[in-house]
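Input: a single structure, listed below in structure tokens.
Given the structure is predicted, the values throughout are model-derived calculations rather than measurements.
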Amino acid sequence: MTHPYEEEKEMKKLKKHYDRLGYICDAQYGIPTRCPCGGEIKTDVSPNPKYRHDFDTLPGSRYFTCKNYEDDGMHFRQPWTFGVEEEMRRLWMEVNEMAQEIAKLKRLITSTSRDC
């Protein structure tokens with residue numbers, strides 16, 4: 001039987017670990033700039049094609065990978081297409097919001113110029 005202090009210490013350590021996993025999952029949107037471990041993100045290509053019929057210009061799938069990547073769930077290894085697709089979706093939403101704001105300002109300007 002372990003001492004209650006040691007048991008509580010271990011529980012806090014596990015909770016911190018699982019919280020960090022959650023943060024990492026939430027952070028994997030768009031093109032990553034830094035890994036949660038602080039490591040640099042590099043563009044990596046897997047040495048083998050994912051499928052036999054892949055006819056990409058590169059021999060395998062592309063990934064955004066942490067420089068210090070280990071398969072322990074604490075580092076990024078995100079498929080390139082997912083990151084770029086999410087980033088494009090975010091940028092399109094931003095452009096649409098700006099277009100709406102511009103249209104609103106144009107209406108405001110034309111309505112005030114008619115009043116003068």
Side-chain angles (χ1 to χ4, degrees):
M1 186 177 229
T2 59
H3 191 274
Y5 173 75
E6 292 294 323
E7 199 171 300
E8 183 179 352
K9 187 177 173 183
E10 183 65 24
M11 284 176 43
K12 285 184 179 183
K13 181 180 169 187
L14 287 173
K15 183 180 181 333
K16 186 177 177 184
H17 173 78
Y18 286 115
D19 285 346
R20 187 167 178 214
L21 284 177
Y23 301 147
I24 291 170
C25 289
D26 290 343
Q28 290 190 359
Y29 292 104
I31 298 173
T33 54
R34 279 263 181 231
C35 183
C37 75
E40 181 182 327
I41 297 291
K42 61 181 183 171
T43 303
D44 193 17
V45 179
S46 64
N48 302 321
K50 189 171 182 180
Y51 303 105
R52 287 185 298 118
H53 55 279
D54 275 353
F55 295 108
D56 200 4
T57 55
L58 299 170
S61 300
R62 299 167 92 184
Y63 293 94
F64 291 114
T65 308
C66 174
K67 185 177 173 185
N68 310 319
Y69 180 75
E70 296 172 21
D71 195 13
D72 61 356
M74 297 293 193
H75 301 278
F76 280 154
R77 182 171 172 86
Q78 180 183 26
W80 189 85
T81 52
F82 291 172
V84 171
E85 182 180 322
E86 289 168 358
E87 189 72 17
M88 288 298 297
R89 190 176 300 124
R90 186 188 66 76
L91 290 172
W92 276 113
M93 288 173 52
E94 192 174 318
V95 166
N96 288 336
E97 288 172 4
M98 287 180 184
Q100 289 173 357
E101 187 176 342
I102 289 169
K104 184 176 157 184
L105 290 171
K106 280 183 180 178
R107 283 192 303 272
L108 182 66
I109 289 172
T110 56
S111 69
T112 55
S113 65
R114 289 182 193 160
D115 294 337
C116 293

Contact check, side chains of Asp44 and Arg77, non-hydrogen atoms, under 4.5 Å
yes
OG1 of Thr110 to CG of Leu105, rounded to nearest 0.5 Å, is 10.5 Å
Mind checking side chain to side chain donor-acceptor pair (under 3.5 Å) for Glu87 and listing every partner two or more places apart, or none if nothing turns up?
Arg90
Got a sec, which residues hit side chain to side chain donor-acceptor pair (under 3.5 Å) with Lys15, two or more places apart in sequence or on another chain?
Asp19
Sorted by chain and number, sequence neighbours left out, side chain to side chain contact (heavy atoms under 4.5 Å, CB included) with Thr43 holds for Phe64, Trp80
If you compare all heavy atoms of Cys66 against all heavy atoms of Gly39, which two are closest, and at what distance to 0.1 Å?
SG-CA, 4.2 Å
Distance check, rounded to the nearest 0.5 Å: Leu91 atom CG versus Met88 atom CE?
6.5 Å
Taking every non-hydrogen atom, the tightest pair across Lys67 and Lys42
CA-CE, 4.4 Å
Inspect the surroundings of OH in Tyr69 and state if more than 12 heavy atoms from other residues, nucleotides or ligands are less than 6.0 Å away.
yes
